[in-house]
Amino acid sequence: MEPQQGQGKPHLPPPSLWPIGFAIGIVCILVGLIVSWPAAAVGVAVTVVFGFLWVRDVTGGYRRRDIGTEPAVGGPESATEGAPAIPADRGEAAMPEPAPGERFPRSVFLEGATLGLGSVIAGIVTVPIVGFSIAPVFQHVHHDEIDLGPISNFKEGQYVVTTFLRDPSEGEISRRTAYIRNNGFLDNKPSFTVLSNRCAHLGCPVQPNGPMFDKQKLEETTKTGDVTLIPALPAGGFGCPCHGGQYDQEGNRTAGPPVRALDRYEFYIRNGRLAVGRTYSVSHVDGAGASAKIHKYKETGPGQHVDGPEQWFYPLQPPS
Ligand code: FES
């Protein structure tokens with residue numbers, strides 16, 4: 001006798017859209033890690049919701065079978081609304097009876113293998129990205145202040161080409177150059193402009209477009225190493241010898257290939273002495289001197305946009 005249609009076949013879950021939503025959530029998380037935390041948070045929410053619905057869908061058959069309420073599907077004994085419940089020992093089996101010696105039906109194995117493989121692939125993709133993102137939080141990053149000497153060494157309104165040891169423990173190899181201008185006082189506090197000499201195009205050292213007064217060179221020995229100070233008059237701003245990038249006296253890009261303004265150093269006044277700390281990136285500066293409005297960003301590499309739509313095209317920066 002021919003078996004009836006549906007008999008002897010496993011009852012597989014119907015096609016579902018939840019995996020697609022889950023995948024979209026994962027993509028949102030990855031894009032969010034690069035672009036912005038709110039986007040990543042939305043991705044997490046989407047992933048959790050669709051993941052829950054997917055797991056619920058996949059495991060629905062087991063849960064129904066466990067509580068013995070699964071209605072028969074197809075066949076002459078399908079349950080109808082209002083009809084008395086079909087006894088658990090009647091109707092079509094949800095899953096085929098395992099063959100003698102078979103411990104798990106093949107469909108269970110395939111479902112488990114699919115979920116397991118998907119989890120492994122998702123882990124391989126996401127763990128390095130998440131690690132890159134949160135590692136800086138747990139890293140003890142040294143940003144010691146570098147003492148540059150008394151602020152009286154910096155004449156108001158004049159740029160001083162200042163070299164110092166970025167990391168005294170590394171010696172001369174860590175020597176850096178900054179263009180520092182004393183802007184006078186703002187709200188009774190000393191104000192300084194401290195420009196990095198690293199070009200915002202590819203990192204070449206920019207130079208003052210104007211004379212440097214070497215004969216007035218000062219040398220200071222501070223607790224963080226030797227400091228040299230040479231007054232300069234960059235009337236034409238600063239220029240890069242590599243590809244012709246040009247900046248004005250506030251560090252704003254005025255010509256050439258650089259994509260943003262010059263980076264700056266944070267500065268501190270300690271007992272009448274000037275100290276510099278970590279560097280940060282700047283898209284542009286409005287105004288000048290003590291009253292300038294600095295559009296400040298986390299330090300990024302040369303050539304990288306920090307604002308506008310172009311910033312979306314840059315990958316995560318490795319921890320530095
Ligand atoms: S590195 Fe300065 S313009 Fe290219």
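Each ligand, and each atom within it, is numbered from 1 in the order the structure gives. In this chain, numbering begins with 1 at the start of the sequence shown.
Take a cut-off of 2.8 Å around atom 4 (Fe) of ligand 1: the protein N, O or S atoms inside it are His201 ND1, His243 ND1.
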Report, one line per pair, each donor and acceptor closer than 3.5 Å where one atom sits in a side chain of residues 117-125; sequence neighbours left out.
residue: Ser119; atom: OG; partner: Leu115; partner atom: O; Å: 2.8

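With 2.5 angstrom as the limit on SG-SG distance, Cys204 and Cys242 come in below it.
The salt bridge (charged side-chain N to carboxylate O under 4.0 Å, His left out) check on Glu156 picks up nothing, with sequence neighbours excluded.
Classified by interplanar angle (parallel below 30°, tilted 30° to 60°, perpendicular above 60°), the ring pair Phe267/Phe192 is perpendicular.
The only member of Arg270, Arg273, Arg278, Arg166 that meets salt bridge (charged side-chain N to carboxylate O under 4.0 Å, His left out) when paired with Glu145 is Arg270.
Within the structure, the side-chain hydrogen bond (donor to acceptor under 3.5 Å, both in side chains) test picks out the following pairs touching residues 231-245 (sequence neighbours left out): His201-His243.
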